[in-house]
Amino acid sequence: MTDLLAALDDDAAAAAGSQFAALTARYLSEAYDGTGPVSTPLAVADIAARFDEPLPTTGTPLADLVSRIERDVLRDANRLAHPMAMGHQVSPPLPAAIWADALISAMNQSVAVWEMSPVITPLETRVIRWMTELAGFGPEAGGTFTSGGTEATFTALLAARAAVLPNAWNDGIGSNPPLVLCGEHAHYAVMRAVGELGLGVRSAVPIPSRDYRMDPRALEAVLRDARSAGRTVMAVVATSGSTATGSFDDLEDIGSICEHEGVWLHIDAAHGGSALLSAVHRHRLRGLARADSMAWDAHKMMLLPLPAGMLLVRDERRLERAFAQSAPYLFHADEGERIVDQGVRSFMCSRRGDALKLWVALQRHGAIALGELYDRLCAAAATLNAQIADRGDFEALHEPESNILCFRSACDSMPHDSTGRNARTQLARDRYNRSGAGWITTTMVSGERVFRVTIMNPRTRPEHTERMLEGLGKVVRER
């Protein structure tokens with residue numbers, strides 16, 4: 001035990017931390033430089049073989065361990081800060097937030113209960129208040145940090161269920177479950193939440209889209225049909241920044257409809273919520289103040305390390321009712337009317353102080369600069385759209401509303417049947433990614449497999465998107 005305690009003291013010293021800091025800095029520098037591969041050409045079995053070893057029973061010198069991390073972990077990890085990384089909605093994190101993340105782990109405060117996190121709990125409350133003010137919610141608003149948009153949407157729908165079925169906690173939902181309406185391009189989290197809440201996935205009703213956005217007139221028709229059939233509508237879920245195309249639903253129109261019908265409106269703005277920081281794109285969220293709840297992932301377009309999701313609600317008391325549970329050994333009210341402990345409005349008890357990352361990012365850069373960063377990412381997608389229009393080998397499927405663009409090959413060598421085209425598209429994407437030259441994704445749009453680019457890196461410039469099109473076009477033409 002003496003040796004272990006000595007090792008703990010050694011590992012807590014600045015000299016030990018500097019080894020990890022130097023390793024992190026090298027990883028970021030190599031990615032920023034853009035000269036190496038974006039991802040790995042190896043198969044999962046090849047990488048898994050590196051870690052096929054017995055459980056370690058004795059320790060390793062820290063310097064040797066750091067060297068192994070660099071060799072066996074970082075060498076084939078995705079380099080999200082590489083300017084040719086244009087794949088999923090995962091950010092290259094802001095450096096200040098990366099260092100803050102280590103501090104969060106060092107403090108290891110559990111944010112569910114104030115006495116276990118006497119500083120981070122009120123800090124989270126303040127950060128949430130900043131976000132609700134940006135959303136246009138009033139003084140009774142609040143919320144909680146979450147693991148991401150999936151948990152935020154689930155929690156919001158739990159609150160909506162408590163609103164329409166206040167006895168569900170004790171009695172269940174009964175034989176006639178309420179409906180949840182969502183756009184046909186909604187994130188899978190909505191369907192998952194409906195199933196997990198015990199409503200049955202048949203209670204999730206997709207609303208047809210127009211130009212990849214929920215059609216408000218179709219929503220009105222479904223609401224009328226539900227009322228005529230004697231079915232209760234528990235919630236409507238609109239999307240701001242859809243996963244497939246980055247499209248924004250018309251929140252003003254949808255919000256007006258939901259207010260008229262008295263239906264809970266949840267906005268999945270996990271991706272697009274950061275448009276609130278942008279003077280250029282803020283209008284896409286016009287009508288957000290009509291919503292009852294909103295999911296917002298700061299680990300997407302605000303470029304924070306995972307996780308940094310949030311659920312914001314227009315009336316925090318309605319969220320607390322969803323978790324109406326007595327735990328006197330944990331939860332305590334303050335001397336005022338508001339509850340300090342975050343555990344009364346969140347699933348998690350053991351939860352990191354992730355609000356500190358967002359607080360650090362805002363303190364370091366300010367909301368204006370982070371809004372300009374959002375604009376830069378969206379502008380890069382617009383540039384890519386213009387580059388595609390100037391070429392003859394690709395065709396964009398939509399005008400980008402954010403930093404996401406879907407496009408397909410217009411090459412004559414592509415198969416004419418849909419099955420063949422879809423397979424060739426997927427094959428081209430896989431070959432391009434394995435080459436290390438870049439990293440993109442595909443998705444299904446109107447039954448067709450298409451290329452999808454999400455520009456999350458502010459270092460991605462026009463020459464990089466042009467290089468991606470050249471490299472991908474070459475792969476598409478290969479037999």
Side-chain angles (χ1 to χ4, degrees), residues 26-42 74-94 244-246 300-301 303 372-414 421 424-443 445 449-479:
R26 285 198 299 274
Y27 167 76
L28 293 175
S29 177
E30 291 170 3
Y32 292 166
D33 184 64
T35 55
V38 180
S39 189
T40 179
L42 300 180
L74 294 188
R75 182 176 48 157
D76 288 288
N78 292 333
R79 291 170 173 81
L80 300 179
H82 194 296
M84 295 298 294
M86 308 175 200
H88 294 279
Q89 296 159 282
V90 187
S91 70
L94 301 170
T245 62
K300 289 188 169 71
M301 295 291 277
L303 306 194
E372 291 171 348
L373 186 150
Y374 183 97
D375 295 341
R376 182 183 180 93
L377 299 176
C378 295
T383 296
L384 172 60
N385 187 51
Q387 290 170 336
I388 290 173
D390 289 339
R391 301 170 64 98
D393 53 349
F394 291 108
E395 176 187 6
L397 273 69
H398 59 97
E399 291 281 338
E401 293 185 57
S402 61
N403 61 326
I404 298 174
L405 182 64
C406 295
F407 59 99
R408 60 188 166 205
S409 172
C411 181
D412 292 338
S413 64
M414 286 289 285
R421 287 182 63 86
R424 176 76 74 84
T425 297
Q426 185 65 51
L427 179 62
R429 178 265 185 178
D430 293 344
R431 285 179 174 173
Y432 175 72
N433 284 8
R434 284 198 301 270
S435 73
W439 195 53
I440 66 170
T441 62
T442 66
T443 190
V445 175
R449 174 73 56 184
V450 298
F451 301 115
R452 173 179 172 272
V453 159
T454 306
I455 300 177
M456 301 291 293
N457 189 347
R459 292 173 178 80
T460 299
R461 299 187 298 273
E463 59 264 33
H464 297 117
T465 50
E466 186 63 45
R467 188 190 309 169
M468 180 273 296
L469 292 173
E470 286 292 332
L472 184 62
K474 180 179 178 180
V475 172
V476 168
R477 292 188 294 271
E478 292 176 352
R479 292 291 185 176

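Of all heavy-atom pairs spanning P92 and A81, the tightest one is CB-CA, 3.6 Å. Here the closest non-hydrogen pair linking A31 and P83 is O-CD, 3.5 Å. Considering all non-hydrogen atoms of both residues, C406 and T245 come closest at SG-CG2, 4.1 Å. For the residue pair A244 and I404, the shortest heavy atom distance occurs at O-CG2, 3.4 Å. The two residues C411 and V476 have their closest heavy-atom pair at CB-CG1, 4.2 Å.
Taking OG from S402 and CD from Q89, the interatomic distance works out to 8.0 Å, rounded to the nearest 0.5 Å. Rounded to the nearest 0.5 angstrom, R449 CZ and R408 CZ are separated by 14.5 Å. Here the CG atom belonging to N457 is positioned 9.0 Å from the CZ atom belonging to R376, to the nearest 0.5 angstrom. In this structure, OG1 on T441 lies 10.5 Å from CZ on F451, to the nearest 0.5 angstrom. Taking CG of L373 as the reference point, atom SG of C378 lies at 10.0 Å (rounded to 0.5 Å).
Among residues two or more places apart in sequence or in another chain, the salt bridge (charged side-chain N to carboxylate O under 4.0 Å, His left out) test is passed with R461 by E463. For the salt bridge (charged side-chain N to carboxylate O under 4.0 Å, His left out) test, residues two or more places apart in sequence or in another chain that qualify with D76 are R50. For A380, the side chain to side chain contact (heavy atoms under 4.5 Å, CB included) test picks out I455, with sequence neighbours left out. Every residue two or more places apart in sequence or in another chain was checked for a ring pair (Phe, Tyr, Trp, His ring centres under 6.0 Å) with Y432, and none qualifies.
No donor-acceptor distance shorter than 3.5 angstrom exists from the side chain of R459 to the backbone of D33, with no hydrogens or angles considered.
Applying the side chain to side chain donor-acceptor pair (under 3.5 Å) test to pairs two or more places apart or on separate chains, those with a residue in residues 379-391 are N385-E399, Q387-T465, R391-D393, R391-E466, R391-E470. Screening residues 77-88 for side chain to side chain donor-acceptor pair (under 3.5 Å), with sequence neighbours left out, gives S39-N78.
Residues R452 and I440 have side chains not in contact (no heavy-atom distance under 4.5 Å, counting atoms from C-beta outward). You'll find the side chain of L384 stays beyond 4.5 Å of the side chain of P400, heavy atoms only. A heavy-atom distance below 4.5 Å is found between the side chains of I388 and L469. Residues M86 and M456 fail the side-chain proximity criterion, which asks for heavy atoms closer than 4.5 Å.
Using a 30° and 60° split on the angle between ring planes, F407 and F394 fall in the perpendicular class, above 60°.
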- Task: Determine, stepwise, if the pair L80 / W439 fulfils side-chain contact (heavy atoms from CB on, under 4.5 Å).
- Result: CA-CA 9 Å; L80 300 179; W439 195 53; 3.7 Å; yes

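The environment of R421 atom CZ is dense: over 12 non-hydrogen atoms of other residues, nucleotides or ligands sit within 6.0 angstrom.
In summary, the side chains of Q426 and T442 do present a donor paired with an acceptor at a separation below 3.5 Å, with no hydrogens or angles considered.
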